[in-house]
Amino acid sequence: MKTPRVPRLSHVKRPLRILIGVTLTALATAYILLKIDLGQTWETLTSANLWWFGLAVTIMIVTALPMALRWKWLLAAQGVIDRFWWLTRAYFVSYTAGQVLPTSIGGDAVRIFEISKRHPGRSGDMTAIVVIERGLGGAGTVLLGAIGFVLAIGHYDVSAYLWIEGLFVFGTLLLLVLFFSRAARPHLARLRPLFQKLRLERPLRAFYDGVHHYRGHSGLLLKVFVFTTVIQAVRILSIWASCKAVGIDLGPRIYYVMGPLFFLVLLVPFTLNGFAVREAFFVSFLGSVGVDADAAFAAGFLFFLVTVALAVPGGVILLWESIRGGPRPEVEHG
């Protein structure tokens, strides 16, 4: 008797992911359309101040350089030496890929794929390094969000967003315990038979060992955490500049409440490249502090254009490499 074929897990989950993404996109778009006047929004966008927009783009592009340096430090702790400029190139290419993949996580996948090709047999380590980097970025953003709420006390009423902040704080603490606490190992070991059955035990073990490796590098983790927090603090000013470009006259203080939440929300792959979710967040959050919905949507859309501009260097790099025959596969030490 022929054994019935069991559907692969990825085949079962993919239609569900698509359905959820389409549903969330539709809901966010409907929310936006109920809030804004398209004619007024278009007028706001066409009269945007290009100098402020240029400042927002400059901030995002320039801060990609220290992020590549942060990646280089984490790679070196695993004995992986790679050139700073190649890592910078990989960052910009990941931003380009992120325009057609779900949020920044899609770009991270591209970075993992490219760095794994340069260092064969270490894909588990490469994945762990990028996840550690992203986790430290999330933790720094959570810290900035907590500071932002302290700054908002007595100035802005944004208490409705506290639960989002609390959720991310809880998730960050849970992941820290999961990956760095030795007490968590026996509980994780109970899942081993399930992972073996799903043929995930070996890659997950390599990934876990790669992350857990950093338990012995507490000084490096602290340095990267502080460094990342400073980078994120500077990047929040790009949101402020985007809002200034469309005439929203609020001081930088409120964006240190809004910015961390915005960056954290965009980490979750709700929709393709955060489409509609980004603009809906702008309308909702800025509306809570009295900003007109048309101006808020225009600011959100302008920030989308900032991310598109951030993807341009990566696009130019890929075009140039396609003309000259692609990047060299060997690792260049330095």
Side-chain angles (χ1 to χ4, degrees), residues 32 35-36 41 44-45 47-64 66-67 104 136-170 172 225-268 274 277-307 310:
I32 292 168
K35 290 283 187 178
I36 69 169
T41 300
T44 303
L45 279 171
S47 60
N49 186 308
L50 295 182
W51 288 107
W52 282 110
F53 174 72
L55 175 61
V57 172
T58 301
I59 290 170
M60 293 297 283
I61 290 178
V62 170
T63 50
M67 292 173 78
S104 55
L136 289 171
T141 305
V142 166
L143 175 62
L144 283 175
I147 294 172
F149 277 109
V150 172
L151 293 174
I153 294 174
H155 295 275
Y156 306 104
D157 181 17
V158 290
S159 56
Y161 292 87
L162 278 172
W163 68 272
I164 302 177
E165 177 73 17
L167 182 63
F168 279 109
V169 169
F170 174 78
T172 301
F225 172 72
V226 173
F227 191 64
T228 300
T229 303
V230 173
I231 296 171
Q232 293 290 72
V234 174
R235 284 199 147 194
I236 286 171
L237 294 175
S238 65
I239 301 176
W240 168 66
S242 297
C243 291
K244 290 286 286 186
V246 295
I248 298 176
D249 193 19
L250 295 173
R253 181 198 302 263
I254 186 60
Y255 298 105
Y256 282 94
V257 184
M258 173 188 175
L261 286 172
F262 175 65
F263 289 148
L264 288 169
V265 166
L266 283 189
L267 284 178
V268 184
V277 170
R278 169 184 44 248
E279 291 78 11
F281 185 88
F282 268 73
V283 171
S284 175
F285 189 95
L286 292 175
S288 71
V289 293
V291 175
D292 179 74
D294 298 320
F297 173 80
F301 186 78
L302 205 64
F303 191 78
F304 161 69
L305 296 181
V306 170
T307 64
L310 181 60

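Counting begins at 1 with the first residue of the sequence.
- With contacts defined as side-chain heavy-atom distances shorter than 4.5 Å, the pair Cys243/Leu250 does not qualify.
- Contacts of Ala298 classified as side chain to side chain contact (heavy atoms under 4.5 Å, CB included), with partners at least two apart in sequence or in another chain: Thr41, Thr44, Leu45, Val246.
- Here the side chain of Arg278 pairs no donor or acceptor atom with the backbone of Phe301 at under 3.5 angstrom.
- Contact annotation: the side chain of Leu305 approaches that of Phe53 to within less than 4.5 Å [non-hydrogen atoms, C-beta and beyond].
- Contact detail for Arg235 and Met60: the closest heavy-atom pair is NH2-O, 2.9 Å.
- Proximity of Val289 to Ile254: side-chain heavy atoms (C-beta onward) are separated by under 4.5 Å at one or more points.
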Between Phe263 and Ile239, does a side-chain contact (heavy atoms from CB on, under 4.5 Å) hold up when you go through it step by step?
-> CA-CA 10 Å; Phe263 289 148; Ile239 301 176; 4.0 Å; yes
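- Between Leu237 and Pro252, the shortest heavy-atom distance links the atoms CD2-CB, 4.4 Å.
- In terms of heavy-atom proximity, Ile231 sits nearest to Pro66 at CD1-CB, 3.7 Å.
- Atoms CD and OG1, from Gln232 and Thr141 in turn, are 3.5 Å apart once rounded to the nearest 0.5 Å.
- Between Val283 and Ala293, the closest heavy-atom pair is CG2-O, 4.0 Å.
- Inter-residue side-chain proximity for Ile59 and Leu55 is flagged as met; some heavy-atom pair is nearer than 4.5 Å.
- For the pair Leu136/Phe227, no side-chain contact is recorded, criterion being any heavy-atom separation below 4.5 Å from C-beta on.
- How far CG of Leu286 is from CE of Met258: 4.5 Å, rounded to the nearest 0.5 Å.
- Residues Ala295 and Val291 share a closest heavy-atom pair of CB-CG1, 4.3 Å.
- Note that the CD atom of Glu279 and the CZ atom of Phe303 stand 11.0 Å from one another [nearest 0.5 Å].
- Put simply, the side chain of Tyr256 gets close to the backbone of Ala233: a donor and an acceptor are under 3.5 Å apart.
- Pairs of residues two or more places apart, or lying in two chains, never qualify as side-chain hydrogen bond (donor to acceptor under 3.5 Å, both in side chains) while including a residue from residues 47-56.
- Within the structure, salt bridge (charged side-chain N to carboxylate O under 4.0 Å, His left out) pairs that include any residue of residues 243-252 comprise Lys244-Asp249 (at least two apart or interchain).
- Minimum interatomic distance between Gly259 and Ile236 (heavy atoms only, all atoms of both residues): CA-CG1, 4.2 Å.
- The ring pair (Phe, Tyr, Trp, His ring centres under 6.0 Å) test with Phe262 is passed by exactly one of Phe285, Trp240, Phe282: Phe282.
- Counting only distance, with no hydrogens or angles, the side chain of Ser284 and the backbone of Ala280 share no donor-acceptor pair below 3.5 Å.
- Atom CG of Leu50 sits about 9.0 Å away from atom CG of Leu302, to the nearest 0.5 Å.
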